[in-house]
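Report on the following structure.
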Amino acid sequence: MKNKWNKSIAFLLVTVLLFVFPISSYASNQSASNIYSQVLHFSTPQDNYQEKPSQTNAVGAVGAVIGLIELLELLGWLAAATIVLIEGKALVDDVFQELYRNSEKTEFKYHKVSFNYSNKSKLLIGEAMNKEAALAYYATGKYNDVWTAKESDAIALARAASGGLTPKGQENHYDSGYVGIMYYNHYHDTYRTHGHVFYGMSAREGKNPRTLYINPFVSLPQAS
């Protein structure tokens, strides 16, 4: 009788363990998964969902980033079609006056930057961004440079990237730069974590002759 009773108790315990352990294990795994997701910022379908941007800027473009020519056409510049583009970008000298004059008509005040290394590394601007998109782009890499027409807008972006602290600048490194390369006025975030926020079209050629071999196939970023 005693052995039969013991077998019944053992059977009940095994049954309970079979049902409870998987449930508790699943709950623990789910809890751990939630913790790891929070720590490592794993994305979920909800994280990736974004509402369509609203039409907020004065010239009527929708979205955070638009092409340079599209922006110029929206601003009503009839000469936009005659701009010489280099891979979708234009020399800042060619478009500065128009962008400066109309900078208060649009939220797309900032542009992605590259350099024309075959022409004294002159500054090229491409896609136009509003401040939010420009800040996100600028803050994602050391060499994600941004340009804007007005100095006040350059300061505003560098300050935003600095968490409200005073940005570094205004700077121009032509004194330490090389002959044959144009250097532009710019600001940095406070701790120089990111790239340059260039502004305007004022540029000066570097003063120092090249004494070292420079690989012509390697792009030379602007001095920090």
Side-chain angles (χ1 to χ4, degrees), residues 41 53 56-59 61 63-68 71-72 75 88-117 120-178 180-208 219-224:
H41 304 289
T56 57
N57 61 300
V59 297
V65 180
I66 63 174
L68 174 62
L71 174 63
L72 292 171
L75 292 173
K89 301 161 188 174
L91 287 170
V92 69
D93 303 25
D94 293 342
V95 295
F96 168 72
Q97 295 295 341
E98 187 67 18
L99 293 176
Y100 185 90
R101 183 166 57 250
N102 290 286
S103 62
E104 299 307 317
K105 293 182 180 180
T106 177
E107 65 175 338
F108 294 93
K109 302 175 187 289
Y110 301 95
H111 296 260
K112 295 180 180 180
V113 165
S114 60
F115 300 95
N116 185 354
Y117 295 108
K120 292 189 172 183
S121 293
K122 289 185 177 180
L123 196 149
L124 295 165
I125 62 172
E127 289 179 322
M129 303 172 284
N130 62 12
K131 186 177 180 181
E132 182 180 4
L135 182 59
Y137 174 75
Y138 176 69
T140 55
K142 179 67 174 176
Y143 299 109
N144 283 358
D145 299 323
V146 173
W147 177 90
T148 187
K150 292 186 175 180
E151 182 177 11
S152 58
D153 291 324
I155 294 172
L157 184 66
R159 178 177 288 116
S162 304
L165 299 177
T166 303
K168 294 291 184 183
Q170 175 263 340
E171 299 179 352
N172 188 311
H173 303 299
Y174 75 95
D175 271 336
S176 58
Y178 294 107
I181 295 179
M182 304 304 294
Y183 294 84
Y184 294 80
N185 295 341
H186 63 272
Y187 285 84
H188 289 277
D189 61 285
T190 302
Y191 300 109
R192 298 179 182 273
T193 307
H194 311 302
H196 307 75
V197 184
F198 295 102
Y199 70 90
M201 61 177 289
S202 178
R204 302 185 70 172
E205 187 171 354
K207 296 171 59 176
N208 304 290
S219 298
L220 296 174
Q222 292 275 311
S224 296

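- Taking the side-chain contact (heavy atoms from CB on, under 4.5 Å) definition, one finds that Ala158 meets it with Pro167, Tyr187, Val197, sequence neighbours left out.
- Here the CG atom belonging to Leu123 is positioned 5.0 Å from the CZ atom belonging to Phe115, to the nearest 0.5 angstrom.
- Within the 4.5 Å cutoff, the side chain of Leu124 has heavy atoms near those of the Leu91 side chain.
- Residues satisfying the salt bridge (Lys or Arg N to Asp or Glu O under 4.0 Å) criterion with Glu132, sequence neighbours excluded, are absent altogether.
- Looking at Asn208, its side chain does come within 3.5 Å of a backbone N or O of Asp175 through a donor-acceptor pair.
- Taking CD1 of Ile125 as the start and OG of Ser114 as the end, the distance is 10.0 Å to the nearest 0.5 Å.
- Scored by the side-chain contact (heavy atoms from CB on, under 4.5 Å) test, Ser152 finds Lys150 as partners (sequence neighbours excluded).
- In this structure, OG1 in Thr148 is found 7.0 Å from NZ in Lys109, a value given to the nearest 0.5 Å.
- Summarising the geometry of Gly195 relative to Tyr138, their closest heavy-atom pair is O-OH, 3.0 Å, with the distance given to 0.1 Å.
- For the pair Ala203 and Tyr184, the tightest heavy-atom approach, listed with the atom from each and the gap, is CB-CE2, 3.4 Å.
- For the ring pair (Phe, Tyr, Trp, His ring centres under 6.0 Å) with His186, the lone residue among Trp147, Tyr199, Phe198 that qualifies is Phe198.
- To the nearest 0.5 Å, atoms CG (Leu75) and OG (Ser103) are separated by 9.5 Å.
- With hydrogens and angles ignored, the 3.5 Å screen pairs a side-chain donor or acceptor of Asn144 with a backbone N or O of Tyr137.
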Exercise answer: donor-acceptor pairs, residues 92-99 side-chain atoms, under 3.5 Å, sequence neighbours excluded:
unit_1 : atom_1 : unit_2 : atom_2 : d
Glu98  : OE1    : Arg101 : NH2    : 2.4
Glu98  : OE2    : Asn102 : ND2    : 2.9

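- Between the side chain of Ser121 and the backbone N or O of Ile181 there is no donor-acceptor pair closer than 3.5 Å.
- Checked against side chain to side chain donor-acceptor pair (under 3.5 Å), Lys112 has the following partners two or more places apart in sequence or in another chain: Glu127.
- Judged as a side-chain contact (heavy atoms from CB on, under 4.5 Å), and not counting sequence neighbours, the contacts of Lys168 are Glu171, His188, Arg192.
- Contact between Thr193 and Lys142 at its shortest, heavy atoms only, is O-CD, 3.7 Å.
- Checking side-chain atoms of Asp189 against main-chain N and O of His194 turns up a donor-acceptor pair under 3.5 Å.
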side-chain contact (heavy atoms from CB on, under 4.5 Å) assessment of His111 paired with Leu71: CA-CA 11 Å; His111 296 260; Leu71 174 63; 3.7 Å; yes
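- Summarising the geometry, atom NZ belonging to Lys207 is positioned 12.5 Å from atom OH belonging to Tyr183; distances are rounded to the nearest 0.5 Å.
- Panel note: side chain Thr190, backbone Thr166; a donor-acceptor pair is recorded below 3.5 Å.
- Val65 approaches Phe108 most closely through the heavy-atom pair N-CE2, 3.7 Å.
- For the pair Tyr174 and Glu205, the minimum side-chain heavy-atom distance is 4.5 Å or more.
- With a 4.5 Å cut-off on side-chain heavy atoms, Val146 and Leu157 count as touching.
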